[in-house]
Amino acid sequence: MQTRTSETIVVEWNWDFVARLKDGMVLKACFARECVEESIESEFAENLKRRLERYFKGRAVDFTDVNVLYPTPFSERVLRVVRSIPFGLVESYSSIAEKVGTSPRAVGVALRSNLVPVIVPCHRVVSKAGIGGYSQGESIKKALLELESKFHGKL
DNA sequence: GTGTAGCCCAGGG
DNA sequence: CCCTGGGCTACAC
């Protein structure tokens, strides 16, 4: 069942994770700096919230079935590849670039435009030299990789 | 370690 | 159109 108005999920963690939903898809997600009021009506929202709670407890939750918004056709190509990286694994910008047929720089641009962190796991893309950047802040990227506990590079 | 030249897309003028 | 600036990389010192 879907709702006409948008819904908001809030999941507590080191930072509060907030997702805005509408018409059975996730429009936008972020880590909140301030208090956000939750409003859940649909089964879709309840189900997604349960899965996010399990994820933030460190369980290997898969979000590849969740409908999300892609900003541009190019970023969609990049982000679809990124979504295929399994929980607990990482890939380099250049590896993604090779699969898409573009340059590592352009991959970074596409990742930065990702509207739904965690659900589209852009934190699993790391630089050859270190951890690489993150639109939500480097400390959150580190924490997510630690949560998935498979990043053995320099944090 | 630091400098730098390619990379290629998105956004703004 | 032509800039400019990135969640980068490889290679040269």
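By convention in this document, chain letters (A, B, ...) are assigned in the order of the sequence lines, proteins followed by strands, and residues within each chain are numbered from 1.
Checked by atom type, the side-chain pair A/E37/A/T8 shows no donor-acceptor distance below 3.5 Å. For the residue pair A/T72 / A/S75, a side-chain donor-acceptor distance below 3.5 Å is found, with atom types taken as modelled.
Residues meeting the salt bridge (Lys or Arg N to Asp or Glu O under 4.0 Å) test with A/K28, sequence neighbours left out: none. The side chain to side chain donor-acceptor pair (under 3.5 Å) test applied to A/S113 returns no partner, not counting sequence neighbours.
The pair A/K142-A/E138 meets the salt-bridge criterion, since a charged nitrogen lies less than 4.0 angstrom from a carboxylate oxygen.
Nucleic acid contact class of A/S135 (heavy atoms, under 4.0 Å, all strands): base. Within 4.0 Å of A/V107, counting heavy atoms only, lies no atom of the nucleic acid at all.
In terms of modelled atom types and a separation under 3.5 Å, the side chain of A/E7 and the main chain of A/I40 share no donor-acceptor contact. The closest donor-acceptor contact from the side chain of A/Q136 to the backbone of A/K141 lies at 3.5 Å or more, if one exists at all. Judged purely by atom type and a 3.5 angstrom limit, A/R83 uses its side chain to pair as donor or acceptor with the backbone of A/F63. Judged purely by atom type and a 3.5 angstrom limit, A/N114 uses its side chain to pair as donor or acceptor with the backbone of A/V120.
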Q) In B/S/- notation, 5' to 3', how is nucleotides 6-13 of chain B contacted by protein heavy atoms closer than 4.0 Å? A) -BSSS---
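Sequence neighbours left out, the pairs with a member in residues 50-61 of chain A that pass side chain to side chain donor-acceptor pair (under 3.5 Å) are A/R51-A/D65, A/Y55-A/H123, A/Y55-A/E148.
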Q. Pairing of DNA chain B as dot-bracket, 5' to 3': ( ) intra-strand, [ ] crossing, | other strand, . unpaired, with Watson-Crick or G-U pairs under 3.5 Å?
A. ||||||.||||||
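Taking the 5' to 3' direction, DNA chain C first and last meets chain A under 4.0 angstrom from a heavy atom at C/dG6 to C/dA10.
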